[in-house]
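Worksheet: the structure to be examined is printed underneath.
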Amino acid sequence: MSRYNHRDVEPKWRAAWDGAGLFRAREPQEAGGRPKAYVLEMFPYPSGRIHVGHSRNYTMGDVVARYRRACGFNVLHPMGWDAFGLPAENAAIERGIHPGDWTRANIATMRDQIRLLGVAYDWTREIATCEPDYYRHQQALILKFHEMGLLYRRKSTVNWDPVDNTVLANEQVIDGRGWRSGALVETRELDQWVLKITHYADDLLEALRGLERWPDKVRTMQANWIGRSEGARVRWRLTAPFQTADGPIDDIEVFTTRPDTLFGASFIALSPDHPITREVARTREDVAGFCARAAQLGTSQEAIEKAEKAGVDLGLRVRHPFDPDWEIPVWSANFVLSGYGTGAIFGSPAGDQRDLDLARKYGLPVTPVVLPPGGDPATHAIDLEAYDGPGVTYNSRFLDGLSTEAAIVAAIRRLEEIGAGEGVTQFRLRDWGVSRQRYWGCPIPFIHCVACGVVPVPREHLPVTLPQDVTFDRPGNPLDHHPTWKHTTCPTCGCAATRETDTLDTFVDSSWYFARFCDAANPDLPFDTAKADYWLPVDQYVGGVEHAVLHLLYSRFFTRAMRDAGLLHTPSGEPFAGLFTQGMVVHETYRSSEGRWLLPEDTELAGDVRVERATGAPVAVGAVEKMSKSRKNVVDLDDVVRDYGADVVRWMVLSDSPPERDVEWTSGGALGAWRFVQRIWAAVDALPAGAPGPLTVA
RNA sequence: GCGGACGUGGCGAAACAGGUAGACGCAAGGGACUUAAAAUCCCUCGGCUGCAAGGCUGUGCGGGUUCGACCCCCGCCGUCCGCACCA
């Protein structure tokens, strides 16, 4: 009886597969009657090496791809590299390596590792987003979006990451910190390139319903992120025009979901960075002090929870839209967000806890206008707890006696009649700022001309390529420091002009790569429309849930934009018909007595105690966490493939836990998987030669 | 605070239109075969109890519905994830 020797068997079959071109997708016209199946795993950032955490993702996709192939489908199962990004620049700074060299070396290493794993990829379609033959098409797409009005430029307050020295999209700010650096995010005013994702806000939300093969969790997260709410915009006329450098302001607009409570209004509150607040702060020290304190508050969850509601009277007054004789004061309040709605609210203390807190603190009137079910209008009172539920409207003149629902409709109708407001739909989703002040990204193909303004680079001049000779010896954007790169001439008037030195957010690169795979070698177009129409949408996408509102939302936007540009015709506008979010591979963490993180391979078990291999010193065994380089709890793919073979790795990460749940990598588990694979081998090996086996391998 | 998921042996987990809880696997223990080990094969493996047949108990906790509850209802406790002053 022979034993399973992965060192012989696995290379043999890999070579056989490669030699036969077994996993190449057929072009649409060659497919015959085969239905298509597009199976895709989220492509990796080439950070250095593949660990068993990656391998679970690829193995799951591989199972689906191989199964579809066995069922007679024409399968597209490609792999590529999300190759632009900050770690390459950090490597350049730390080790003096060019980001491109570092990235390409990592790709070469990781490609070899993935090949060892034996995943059935069509390597002829491999792409890397950092190569001009990829990003030239991205630049063309971006120019097209600009023509369509989906890319625009705007001066805006942005999330600034002071460690990475760049701007972050809202989606990239987690608990007030940069998603990558973990640094507390600051706000800055900058000119930004922005993608108009809000153009599709409604469709992106509505279409979630049709994504039946997506996890509910991800759909819910996207729905919350898009955050639609129905309500009214209401204009409150100032008793006297407010003078600013840009001219007088006559009224203040607020957004509300509860126009039925307008008769309960007792103040207007503006955000601390509302233009009017800022203007008042110039001449009033108390207001300036209030704004400074509000800005310091920070955005961490603890700060928000503990922050006391505070405000300051700006000394302005507005007239009630339904009664010009009724005046209420204008305040600024620390809980009003500048980025949502109009950055201004009307305070209706009886129906909103925050408004009530403010009113009680400063002695502003509290008028209940909603009677809860079963309440008595003669005795119902609000003390320190607001009632924000539905009920019967009262103390509200023409709205008296109406249900909350009916009163909202009636109030909006009246607002529209008298021109003081209108019903609107408000989204939480904001446009996607894509400018990054970095070198290692896709150049944004525009030129700044003193005479002509911002001018697109003509198509025939694409790609705008990155310069090779850059230095990272000072902070800021190397493209900006480069002696010659940004100096050019205006395509329109021929005058001296400068190139845009911002590069695109790397999430742009990954927002359309699945379409490039449909026609990866096309030199002239991002992809041929017929081929994209054949392959898209991706039938089964597999990846981590951490991209629920980043990559997965951006890609949905991009597919819609490409569709509206006429580049493809997927009717739904959806890139991924099926999505599976797999559980992570987790591993114990180890620290030395001095607190250094240790690689698992640098430790060993001495009896029941884990010790450092080199010194024998005891090791503190920490939490079981997601494999990550920073915690050093990674198990390198090469090591386990060498010791156990790819089949054992694949079996272990698939079998030890349900696919949507985390799996803990342990040496005992690997050993068990190894024995299992041995037993299968032995069972097949025991069959008489030539006998039809329980499994017939095609 | 809001929303969601989850809680079953030493471990990963099955079983859910309410019908023998712990399938399958890992680990562990015992035995066979070996000079010995590995591999392989056999047995045991929730807890308590019993020589045994068996008995009692057991799916986070407390109630309830039912002939019957891991499953349905009410109330707690805990873990994880997402969002978070969104007007």
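Quick note on labels: first sequence line is chain A, next is B, and so on, each numbered from 1. Keep in mind the model is a prediction, meaning the values are calculated, not measured.
Proximity of A:Phe322 to A:Leu415: side-chain heavy atoms (C-beta onward) are separated by under 4.5 Å at one or more points.
Using a 3.5 Å distance cut-off with no hydrogens or angles, the side chains of A:Thr425 and A:Glu230 do pair a donor with an acceptor. A:Asp505 and A:Trp432 share a donor-acceptor pair across their side chains, judged by distance under 3.5 Å alone.
Taking only side-chain atoms of A:Pro658, from C-beta outward, the nucleotide of B:A87, B:A13, B:C83 with the closest atom is B:A13. Among B:C83, B:A13, B:C86, the nucleotide with an atom closest to any side-chain atom of A:Ser657 is B:A13. Nearest nucleotide to the A:Trp225 side chain, out of B:G82, B:A87, B:A84: B:A84.
The nucleotide B:G75 finds its pairing partner in B:C61, both defining distances of the Watson-Crick or G-U wobble pair being shorter than 3.5 Å. Using the Watson-Crick or G-U wobble rule with both distances under 3.5 Å, B:G3 pairs with B:C81. Remark: B:C24 base-pairs with B:G12. Criterion, Watson-Crick or G-U wobble with two distances under 3.5 Å.
Spacing between atom CD of A:Glu230 and atom P of B:A87 amounts to 11 Å, rounded to whole angstrom units. Put simply, CD on A:Gln678 is 12 Å from P on B:C41, counting in whole angstrom units. If you measure from atom CZ of A:Arg428 to atom P of B:G3, you get 16 Å, rounded to the nearest angstrom. For the pair A:Lys309 NZ and B:A87 P, the interatomic distance rounds to 14 Å; values are reported in whole Å. The CD1 atom of A:Ile345 sits 11 Å away from the P atom of B:A87 (whole-angstrom rounding). The CG atom of A:Asn224 sits 13 Å away from the P atom of B:C85 (whole-angstrom rounding).
Between the P atoms of B:A14 and B:U8, the separation comes to 11 Å (whole Å). To the nearest whole angstrom, the two P atoms, one in B:C74 and one in B:A21, are 26 Å apart. Atom P of B:G82 sits at a distance of 33 Å from the matching atom of B:A27, rounded to the whole Å. Separating the P atom of B:G46 from that of B:G22 is a span of 10 Å, rounded to the nearest Å. The P atoms of B:C42 and B:G25 are separated by 11 Å, rounded to the nearest whole Å. Comparing the C1' positions of B:A15 and B:G9 gives an interatomic distance of 15 Å, to the nearest angstrom. B:A69 and B:U59 have their C1' atoms separated by 11 Å, with the value rounded to a whole Å.
Judged by the 6.0 Å distance and 45° axis criteria, A:Arg556 is not positioned over the aromatic ring of A:Tyr200. Annotation: cation-pi geometry not satisfied between A:Arg319 and A:Trp326 (NZ/CZ under 6.0 angstrom from ring centroid, within 45° of ring axis).
Between A:Phe263 and A:His320, the gap from one ring centroid to the other is short of 6.0 Å.
None of A:Arg360, A:Gln353, A:Arg354 except one satisfies the side chain to side chain donor-acceptor pair (under 3.5 Å) rule with A:Asp357; the exception is A:Gln353.
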Pull out every protein N or O sitting under 3.5 Å from an N or O of nucleotides 26-29 of chain B, one pair per line with the distance.
| unit_1 | atom_1 | unit_2 | atom_2 | d |
| --- | --- | --- | --- | --- |
| B:C26 | OP1 | A:Arg679 | NH1 | 3.1 |
| B:C26 | OP1 | A:Arg679 | NH2 | 3.0 |
| B:A27 | OP1 | A:Arg675 | NH1 | 2.5 |

Are there any protein N/O atoms within less than 3.5 Å of an N/O atom in nucleotides 4-9 of chain B, and if so, which ones and at what distance?
none

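Checked for salt-bridge contact, A:Arg258 and A:Asp352 miss the test: no charged N lies under 4.0 Å from a carboxylate O.
Base orientation of B:G62: anti, since the glycosidic angle falls outside 90° of 0.
Among the atoms of the strands shown, none is found under 4.0 Å from any heavy atom of A:Val254.
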